[in-house]
Number of protein chains: 4
Amino acid sequence: MVKTKIKDPELISKRQRQICAGAMNVFKNKGFHATSIREIAKASRISLGSLYDYIEKKEDILFLVHKQILHDLYAVLDESIKKYDDPVAQLIHAARELFYSSMPLKDEVLFIYTETKSLERKYLHEVLQRESEFVGRFEALIRDGLAKGVFSCPNPEIAANLVAYLLAVVPLRGWNILPRHSQEDLLEHLLGLVLHCVGVSPEAAGEAREGWQ
Amino acid sequence: MVKTKIKDPELISKRQRQICAGAMNVFKNKGFHATSIREIAKASRISLGSLYDYIEKKEDILFLVHKQILHDLYAVLDESIKKYDDPVAQLIHAARELFYSSMPLKDEVLFIYTETKSLERKYLHEVLQRESEFVGRFEALIRDGLAKGVFSCPNPEIAANLVAYLLAVVPLRGWNILPRHSQEDLLEHLLGLVLHCVGVSPEAAGEAREGWQ
Amino acid sequence: MVKTKIKDPELISKRQRQICAGAMNVFKNKGFHATSIREIAKASRISLGSLYDYIEKKEDILFLVHKQILHDLYAVLDESIKKYDDPVAQLIHAARELFYSSMPLKDEVLFIYTETKSLERKYLHEVLQRESEFVGRFEALIRDGLAKGVFSCPNPEIAANLVAYLLAVVPLRGWNILPRHSQEDLLEHLLGLVLHCVGVSPEAAGEAREGWQ
Amino acid sequence: MVKTKIKDPELISKRQRQICAGAMNVFKNKGFHATSIREIAKASRISLGSLYDYIEKKEDILFLVHKQILHDLYAVLDESIKKYDDPVAQLIHAARELFYSSMPLKDEVLFIYTETKSLERKYLHEVLQRESEFVGRFEALIRDGLAKGVFSCPNPEIAANLVAYLLAVVPLRGWNILPRHSQEDLLEHLLGLVLHCVGVSPEAAGEAREGWQ
DNA sequence: AATGAATGAGAATTCATTCAT
DNA sequence: CATGAATGAATTCTCATTCAT
């Protein structure tokens with residue numbers, strides 16, 4: 001997807017990961033626009049010339065970073081879903097995992113939300129596609145719960161979007177909540193909303209929680 | 001707050017509004033960093049030199065825009081709260097108004113969420129203060145409902161934050177929901193969550209809705 | 001010489017003195033180029049618009065300042081010459097007066113030396129003429145001493161130039177001498193050189209000094 | 001001392017000399033402030049971008065030029081002192097050499113005198129140090145002569161300052177002397193003053209002169 | 001494949017000067 | 001006569017990108 005001057009595919013992906021890691025470190029502090037290519041090269045421990053052997057334009061780096069962050073989030077989500085069979089347990093568990101993952105990934109998630117519009121059309125499409133697939137994971141989970149009769153909600157797609165959105169509250173609004181409230185209190189509130197979203201009966205929810213708490 | 005070279009205060013606020021309006025128009029498409037001062041001047045129909053008579057640095061414009069958008073959102077919120085006495089009705093009505101207002105203000109709200117971190121310390125404090133006061137409006141409303149016994153929730157401040165956050169879903173995630181679902185369906189879902197947030201009994205909610213639907 | 005938009009000649013010279021005084025104050029710290037017209041206007045307590053009623057271009061101010069400083073130096077010189085009849089006493093006295101005057105006028109004299117080349121041709125000529133007349137005062141004094149047989153030097157014009165130059169040592173090199181040596185020691189050295197310049201016999205010099213010390 | 005983006009130290013000093021030479025050419029006519037960076041780049045035959053690879057700020061160029069000029073003056077001075085053993089001969093010879101060197105270096109020396117105050121604190125200190133060391137060379141020479149009994153003056157440091165100052169008369173006041181008098185006449189006068197400064201007996205001076213004239 | 005020097009377009013900002021009131 | 005708002009050309013400096021080695 002990103003055009004390079006190098007042939008060896010292994011080298012390409014190794015160096016691109018290197019660039020990603022370096023770039024993310026500087027993006028956190030200064031954002032995409034305010035960071036110069038020189039700084040990215042230095043942070044990646046790659047020379048300016050070599051950097052341009054592995055990308056074409058500065059924007060390519062933004063895309064690589066985006067891809068990497070979404071990849072990490074997917075990993076968290078898939079990992080936690082596959083640990084349970086029961087949709088209610090899956091949902092609660094996944095929500096909890098994502099919530100706690102979004103603490104260290106706070107900057108990255110915020111980055112996704114804030115710098116997506118800087119991507120050019122070519123990449124924007126693919127990134128939004130991926131983000132939408134992320135929501136798709138939740139939608140599948142919800143549909144599964146509906147089929148099994150443990151969820152009840154009229155519109156699984158809207159519900160999935162809202163669940164995914166709710167779980168991003170820490171990166172986006174954490175600054176106004178977490179200084180004065182515990183993570184646990186916030187998570188409790190969020191889980192309540194998430195379960196309400198998919199229409200779990202309180203009893204079912206209680207059971208599922210007991211099972212693993 | 002923003003240092004100018006002009007003495008006439010009326011002229012200052014007139015021109016700063018003019019600059020705000022122009023800047024917002026170009027920021028929508030390109031964001032703050034990617035927009036040059038020249039473009040802002042052109043969009044504001046002010047000469048480059050005059051522009052700098054009304055601000056000190058480019059960042060001042062970001063602050064002015066922030067202030068303006070928050071001002072508009074406050075106006076919507078206060079207006080709609082004032083129309084009712086019953087907290088349930090107030091909440092439902094305010095949520096609905098904000099939801100529909102955030103359609104045309106979509107870009108502005110997204111801007112607030114995405115470009116806040118570009119503000120320098122001096123302004124950041126004031127802007128976050130204002131945003132936090134916005135949440136404060138909801139908190140006051142919720143506490144009123146609690147006092148009157150129509151709401152029931154353990155943590156009004158978290159609830160207020162989540163309510164405010166939920167109502168920003170259109171600017172932040174609308175692109176993934178609205179192409180395939182109606183505004184009404186989304187609003188319905190949101191209202192459900194909002195009411196759940198503050199612990200309104202379904203009957204009370206039903207009554208309040210009937211009263212004005 | 002400086003073109004104005006105002007008719008009343010008294011007002012012109014009053015305002016131009018005002019501008020001079022203000023300008024000199026800011027020039028001392030920042031020099032001519034680094035000082036903006038706005039700063040000059042503020043320092044002169046004249047509005048930007050009015051300022052341009054009394055001058056045509058920024059450079060005019062430089063010329064006015066030059067003229068003023070030279071005027072002050074002339075005053076010191078003429079004043080001290082006319083107090084004595086004996087050329088030796090005149091020379092010693094004038095040198096001493098100029099030396100001590102150049103302490104408070106240090107910045108102004110340095111300014112003359114450093115910013116003369118910023119004057120445009122039209123003014124440069126007049127300014128150099130005046131500076132040269134300043135030297136002329138000394139030349140006349142020396143020629144008078146030669147005629148009276150108390151001085152003896154082959155080239156009065158060179159001598160006059162050197163005398164005038166020597167007396168500017170404080171503004172130009174004071175920073176390297178005065179921190180470690182007294183004014184009196186420096187003056188003593190200078191007077192020795194000045195008298196040598198014009199070929200005063202030590203005895204004559206001694207007599208003249210005794211007369212007024 | 002001057003921060004660069006380039007690693008190769010040889011290239012750095014080569015290019016900085018190139019910049020110096022170019023800058024001095026344009027500074028001569030217009031001075032430091034009135035010369036734009038673009039003009040300097042053009043005169044140095046370096047692209048604007050590259051120029052900024054070898055300096056950080058415009059002021060760095062001023063410092064480089066200062067350093068270069070002082071370096072050249074040192075070379076002249078040291079060279080000529082080294083040629084003789086006798087302090088009287090050294091002094092006369094050095095003065096003569098500096099006098100004639102300051103003809104082609106006229107603009108440069110004037111530049112030193114007039115633009116030193118434009119240097120920022122960081123550089124100012126170093127430059128004044130160097131200028132003061134220049135005077136120090138003369139001071140050492142004078143102290144040597146005192147030790148050997150051929151000079152007689154109460155304050156060698158003041159004398160050294162005055163000697164150095166006298167030898168700068170061409171750049172600073174040459175415009176008023178040289179159009180009407182020969183270099184030789186002026187030099188003769190100056191040498192008389194210089195020797196008087198350090199208290200050489202006329203006979204000793206005569207001898208030393210005869211030796212090499 | 002890697003390096004780092006070179007480039008010039010474009011960014012923010014300043015400022016002398018003009019002009020309407 | 002006085003005021004201060006308006007203008008845009010010019011300034012310093014940055015940065016993505018290319019290219020020779």
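Reckoned from all heavy atoms, side chains included, excluding hydrogens, waters and symmetry mates. Order of the sequence lines fixes the chain letters, A, B, ..., with proteins taken first and strands second; residue numbering starts at 1 for each chain. These figures come from a predicted structure and were not determined experimentally.
With respect to the salt-bridge test (charged N to carboxylate O, under 4.0 angstrom), the residues D:Glu108 and D:Lys28 qualify.
In this structure, D:Thr35 reaches the sugar-phosphate backbone alone: every heavy-atom distance under 4.0 Å involves primed, P, OP1 or OP2 atoms, never a base. D:Leu48 comes within 4.0 angstrom of a base, heavy atoms only. Residue contacts for D:Ile46: at a heavy-atom cut-off of 4.0 Å it reaches no nucleic acid atom on any strand shown.
Distances from the side chain of C:Lys7 to the nucleotides F:dC1, F:dT17, E:dA6 place F:dC1 closest.
Listed pair A:Tyr54 / E:dA2 meets the phosphate criterion, a side-chain N or O lying under 4.0 Å from OP1 or OP2. A close approach under 4.0 Å does occur between a side-chain nitrogen or oxygen of C:Ser50 and OP1 or OP2 of F:dT3. Using a 4.0 Å cut-off, some side-chain N or O of C:Arg15 falls inside it from OP1 or OP2 of F:dA2.
Here E:dG10 presents its P atom at 13 Å from NZ of B:Lys42, a figure rounded to the nearest Å. Whole-Å rounding puts the C:Tyr52 OH to E:dC15 C1' distance at 9 Å.
A stem is defined here as three or more consecutive Watson-Crick or G-U pairs, each with both distances under 3.5 Å; for DNA chain E these stems are E:2-21 with F:2-21.
Remark: side-chain polar atoms of C:Lys58 are paired, donor with acceptor, to backbone N or O of C:Phe32 under 3.5 angstrom.
Inter-residue side-chain proximity for D:Tyr54 and D:Val2 is flagged as unmet; no heavy-atom pair is nearer than 4.5 Å.
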